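See structure below.
Quick caveat, the model's predicted, so the values are computed rather than measured. Convention: sequence-line order gives letters A, B, ...; per-chain numbering from 1.
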Protein chains: 2
Amino acid sequence: MMGAMEEARIEAAPTAGPYHPRRRSRTPSADVERELVAAAEAVLVRDGPGALTVRAVAAEAGIALQGVYSRLGGKDGLVDALLLVGFGRLTATLEAAQGPDSLGRLRDCGRRYREFSLANPHFYAIMFEDAIPREREEAHPGEVTEQAAAAFTALVRVVEFAAASGAISAPEPTEVAQQLWNTVHGAVALELKGLILTPDPAATYTASLETLIRGLATA
Amino acid sequence: MMGAMEEARIEAAPTAGPYHPRRRSRTPSADVERELVAAAEAVLVRDGPGALTVRAVAAEAGIALQGVYSRLGGKDGLVDALLLVGFGRLTATLEAAQGPDSLGRLRDCGRRYREFSLANPHFYAIMFEDAIPREREEAHPGEVTEQAAAAFTALVRVVEFAAASGAISAPEPTEVAQQLWNTVHGAVALELKGLILTPDPAATYTASLETLIRGLATA
DNA sequence: TTGACTGTAGAACGTTGTTCCATAATTATA
DNA sequence: TATAATTATGGAACAACGTTCTACAGTCAA
């Protein structure tokens with residue numbers, strides 16, 4: 001499967017010594033973690049969550065297996081690093097939402113949420129569906145939780161903006177943002193599992209969002 | 001871990017023969033599949049998806065490991081059997097929805113959906129979150145898909161009833177039922193993952209449903 | 001009763017996450 | 001720069017997992 005690639009890292013074979021005749025190259029210490037996470041992302045995107053094994057990632061990075069444990073604390077740490085990347089990108093995607101008016105921006109935010117999930121289905125799966133079961137029962141590190149909360153905050157901002165303009169009623173923006181999250185997450189989660197039983201998932205998604213906006217409209 | 005239980009199935013040791021002196025009891029053929037699925041449910045409910053191993057289920061049932069393969073086609077078949085049970089129960093739960101009027105029945109249906117997911121979190125996880133990764137890439141058998149569709153049909157019926165009474169507008173009940181599913185699934189999926197960031201998840205759930213109903217109200 | 005079927009126990013295989021080790025290359029210190 | 005402390009490497013090894021294969025023996029049907 002990986003064939004002759006690893007031979008490139010053998011720099012020389014100075015003597016035909018008995019035990020360890022060949023010199024080994026070594027990844028600079030400062031690069032190990034970054035390269036492992038980059039390799040993990042490549043494996044995840046290319047082959048999906050099921051193919052993300054510690055050995056596959058180490059081979060993809062050209063780094064010793066042990067590096068995953070000494071630098072990232074094992075597979076769970078590797079996945080946590082990917083979660084941080086994923087939630088960071090989702091946050092950036094949602095924060096970039098814009099539109100001609102406050103409702104247009106809310107609609108764009110919803111559209112971006114779906115596009116992110118469809119463009120990054122494997123990322124979305126590990127972020128929201130535990131597509132890679134955790135080996136140990138420990139909770140995610142605080143950074144991951146905080147980045148996930150940052151994505152939610154982007155929704156709160158959009159809701160606040162729409163409420164300030166009077167387009168919707170949101171006395172408690174967090175409550176309404178949660179309703180928005182429920183709707184968009186439910187829609188994309190079901191779509192990723194093939195459980196949108198209507199002919200046009202995109203149209204149904206838009207309709208769901210419009211129903212929400214109508215339900216939130218000022219009386 | 002299972003200690004002395006399996007000794008109970010050794011009925012006698014008639015002779016001190018050299019190789020296989022002990023007589024073995026045998027599960028009646030007609031019972032093997034049913035008992036395996038029952039044991040799998042017990043393990044799933046008690047210990048969660050991560051503990052549902054073929055060996056654990058066979059031990060729980062007191063049935064030889066091989067039975068899972070000869071009767072159910074392996075772990076995936078075992079999980080499919082559980083999915084069938086789970087979707088069947090969800091369908092029954094939703095079909096039992098009732099209320100003083102058509103909107104009351106819709107509200108009860110939404111309430112029942114959440115209660116089912118919170119009362120059966122491990123079932124919900126394998127039904128909607130692939131909490132047990134499939135070993136082979138094959139699709140679920142038709143029965144599973146049909147039973148999942150039956151659960152959705154229960155939602156369609158409730159929507160049709162509400163539309164017929166004029167409480168909501170649903171020219172295409174399937175479209176509206178899908179919007180309802182998006183909302184309730186999104187809410188419970190996020191709640192099961194601890195991602196309801198409002199103080200009172202139950203209240204936010206109800207509010208989400210009310211916003212949906214308001215958005216679907218007849219103009 | 002007899003033969004076909006099939007559950008049982010056990011071993012075994014490959015893959016997985018994980019740990020440990022001696023070795024050697026890099027990095028930091030004096 | 002010389003020396004010491006770090007740390008990446010490669011390999012073996014472990015337990016747990018899904019899966020397959022086997023001889024054996026209990027059950028079921030002709």
Checklist entry - For C:dT8, does either OP1 or OP2 sit under 4.0 Å from a side-chain N or O belonging to B:Thr27? => result yes
Next on the checklist: Base, sugar-phosphate or nothing for A:Arg136? Non-hydrogen atoms, less than 4.0 Å.
Outcome noted: sugar-phosphate
Item to check | Between C:dT18 (P) and A:Leu72 (CG): distance, integer Å | outcome: 11 Å
Checklist outcome for this item: A:Asp31 CG to D:dT6 P, in whole Å, measures 21 Å
Item to check | Closest to side chain of B:Val54, choosing from D:dA8, D:dT19, C:dT8 | outcome: D:dT19
Next on the checklist: Check this one for me: any side-chain N or O of A:Ser29 less than 4.0 Å away from OP1 or OP2 of D:dA8?
Outcome noted: yes
Checklist entry - With no angle test and no hydrogens, is the base of C:dT15 tied to the side chain of A:Arg55 by a donor-acceptor pair under 3.5 Å? => result no
Checklist entry - To the nearest Å, how far apart are B:Arg134 CZ and D:dC17 P? => result 20 Å
Checklist entry - With a 4.0 Å cut-off on heavy atoms, is A:Arg71 in touch with a base, just the backbone sugar-phosphate, or nothing at all? => result sugar-phosphate
Checklist entry - Charged N to carboxylate O below 4.0 Å: is that the case for A:Glu129 and B:Lys193? => result no
Checklist entry - CG of A:Leu65 versus C1' of C:dC20: gap in Å, rounded? => result 12 Å
Item to check | A:Arg112/A:Asp108 ion pair, N-O < 4.0 Å | outcome: yes
Checklist entry - Expressed in angstrom and rounded to an integer, what is the separation of B:Ile132 atom CD1 from D:dA16 atom P? => result 19 Å
Item to check | Closest to side chain of B:Lys75, choosing from D:dG26, D:dT19, C:dA24 | outcome: D:dT19
Item to check | Whole-Å gap separating C1' (C:dT18) and CG (A:Leu78) | outcome: 14 Å
Checklist entry - Side chain of A:Tyr69: nearest nucleotide among D:dT9, C:dT8, C:dG17? => result C:dG17
Checklist entry - Starting at the 5' end of DNA chain C and moving along, which residue's nearest nucleotide shows up first, A:Leu52 or A:Gln66? => result A:Leu52
Next on the checklist: I'd like to know if B:Arg89 and B:Glu41 make a salt bridge, using a cut-off of under 4.0 Å between side-chain N and carboxylate O.
Outcome noted: yes
Checklist entry - Starting at the 5' end of DNA chain D, which residue's closest nucleotide do you reach first, A:Ala64 or B:Glu135? => result A:Ala64
Checklist outcome for this item: Assert: residue with more 5' nearest nucleotide on DNA chain D, out of B:Gly74 and A:Ser70, is A:Ser70
Next on the checklist: Does A:Val68 reach a base, just sugar-phosphate, or nothing at all? Heavy atoms under 4.0 Å.
Outcome noted: nothing
Item to check | Atom-to-atom span, CZ of A:Arg26 to P of C:dA25 - whole angstrom | outcome: 9 Å
Checklist entry - How about A:Tyr113 and A:Tyr205: are their ring centroids closer than 6.0 Å? => result no
Checklist entry - What nucleic acid atoms does B:Gly67 come within less than 4.0 Å of, heavy atoms only: base, sugar-phosphate, or nothing? => result nothing
Next on the checklist: Evaluate B:Thr198 against A:Gln178 for side-chain hydrogen bond (donor to acceptor under 3.5 Å, both in side chains), listing each step before the verdict.
Outcome noted: CA-CA 7 Å; B:Thr198 53; A:Gln178 184 71 60; 4.7 Å; no
Checklist entry - In whole angstroms, how far is the P atom of C:dG7 from the CD atom of B:Glu35? => result 11 Å
Next on the checklist: I want to know whether B:Phe123 and B:Phe87 have ring centres closer than 6.0 Å.
Outcome noted: no
